[in-house]
Amino acid sequence: MMIGRPLFFRHVAKSMSSQSKLKQNNHAILSVTAAIGASAAFHYYFYKPNYMNSEWSEKCYSRSLAMCEKELAIKSPSVATTETSITKSVLPKPLPRATLLLYNLKLIAYSSLPTPRLMSTKDPVFSYPDIVRGVRRRQADEVSLQKILSSERLMAARQSQDQQLMQPILQEVNELVYGKGVTPQIREDFLAQYGCVGHTPEIVKYLVDELAKDRGIVEVGAGNGQWARAINDFHNLQRKQDKPSGKAFDLVLAFDNMQELPLSPKIYHQRTVPAKQYFYDKVKLASHIDAVKGFASRGRVLMLVYPSPGSMALETVKAYIESSDQNDTVVYVGEGIGGANADEEFFNYFLGKTGDNPKEADWVLLKVMEVRRSPGGKGYEKMFVFQRKR
């Protein structure tokens, strides 16, 4: 819907009619006015090609953008400051309303949203464009898959045991499940090297050199331990270069209940190439609760990589927080709302949507990083780093 000049000015005039309200809500009025002004000008320009030559454009449009820039220029503490300890004196702010409005109007990209920032109930951190499109695509794929599985041609191919009839059907199913051009073997090779979702050199370096350098990581649901192996290998390489005679230190303590391993240890045993090159041989058997309650896990960063759907992820985070005051940082690697990991309560917990009455969130988003997704374009994961405010 296009916002015309007279309507826009009435909105601005109405919001500024009371001087007392202006003093009390200066920040809010600045946000709303700036956002409405910028969006109105944007729509007016879109529908009026000669708009940019008008006198109104030179004044109102430029002023609106200037107000938006002023609103968005709120300085936040550097990542280096907040990643060690979030205190009230340096607590970052949540996303301003102007920023949220411009983001919802698709005038600001997800990657341009500032970090670190305090979480709020309306923060789009877990509703990024990839996951929104991906969930719709996944639902469409499920419908297509059901049609294939209930089709007469599949029944005929099964009854006749005709491989020529069965082959194109299997190809369609394979593309729906793994993606176009991705064979089961390609998928299994990715699982062997990375697990369900892959790390990147940038992620490993960030975790080792910045986030967990002086405190270590406890990984729960480590699976075959590919992430723990990559992180520890990089850490040990760094340690040998910096302190050749220093004492060895396992930067990552990895735990799993061994019930849902992506690759069976009976097939991928210790003598196989993937196990030797990519698996971590120190993954310990423990429940997700016991893993974070142990003394050795105290003070470490909690890392959850592709947790199973359901309550496990949230239960782990809560047990981690309750175990020690030093436990305050969580790395979550997985999909956002509606995806394949955790549950809605897990995401609501970080957004502050717990209970009937939403409250101010207890968490600060430190960083969002791109991960190595499985081939085929069927995964929509990211890495999120949160720290609890003090």
Handout entry: Salt bridge flag under 4.0 Å for residues Arg215 and Asp328
Key = yes

Practice task
Mark yes when over 12 heavy atoms from residues, nucleotides or ligands other than Met258 sit less than 6.0 Å from its CE; otherwise mark no.
Solution key: yes

Completion exercise
residues 329-339 vs salt bridge (Lys or Arg N to Asp or Glu O under 4.0 Å), sequence neighbours excluded, gives Arg138-Glu335

Exercise for the section: State, without any angle test, whether Gln193 and Asp189 hold a side-chain donor-acceptor pair at a distance under 3.5 Å. Expected result: no

Problem - Min side-chain heavy-atom separation Ile131-Ile337 under 4.5 Å - result: no

Handout entry: Asn224 versus Tyr268, side-chain donor and acceptor atoms under 3.5 Å
Key = no

Handout entry: Modelled atom types, side-chain donor and acceptor of Gln238 and Asp209, under 3.5 Å
Key = yes

Exercise for the section: Decide if the gap between the ring center of Phe346 and the ring center of Phe386 is smaller than 6.0 angstrom. Expected result: no

Problem - Flag, side chain of Asn327 to backbone of Gly299, donor-acceptor distance under 3.5 Å - result: yes

Handout entry: Whichever hydrophobic residues join Val173 through chains of side-chain contacts under 4.5 Å
Key = Leu145, Ile148, Leu149, Leu154, Met166, Ile169, Leu170, Leu176, Val177, Tyr178, Val182, Ile186

Exercise for the section: Output yes when a side-chain donor or acceptor of Trp227 lies under 3.5 Å from a complementary backbone atom of Val197, and no otherwise. Expected result: yes

Handout entry: Side-chain heavy atoms of Phe350 within contact of Val317, under 4.5 Å
Key = yes

Practice task
Check the hydrophobic clustering (I, L, V, M, F, W, Y; side-chain heavy atoms under 4.5 Å; chains of links allowed) and say if Tyr278 and Phe234 are grouped together.
Solution key: no

Exercise for the section: Indicate, with yes or no, if Met303 and Val364 share a hydrophobic cluster defined by side-chain heavy-atom contacts under 4.5 Å among Ile, Leu, Val, Met, Phe, Trp and Tyr. Expected result: yes

Handout entry: Sequence neighbours excluded, every pair satisfying salt bridge (Lys or Arg N to Asp or Glu O under 4.0 Å) that has a member inside residues 144-172
Key = Arg153-Glu172

Problem - Enclosure of Asp325 CG (heavy-atom neighbours >12, cutoff 6.0 Å) - result: no

Exercise for the section: Assert yes or no for the condition that the ring centre distance of Tyr380 to Tyr128 is strictly below 6.0 Å. Expected result: no

Practice task
Flag the pair His269 / Thr272 as yes when at least one side-chain heavy-atom distance between them is below 4.5 Å, and no otherwise.
Solution key: yes

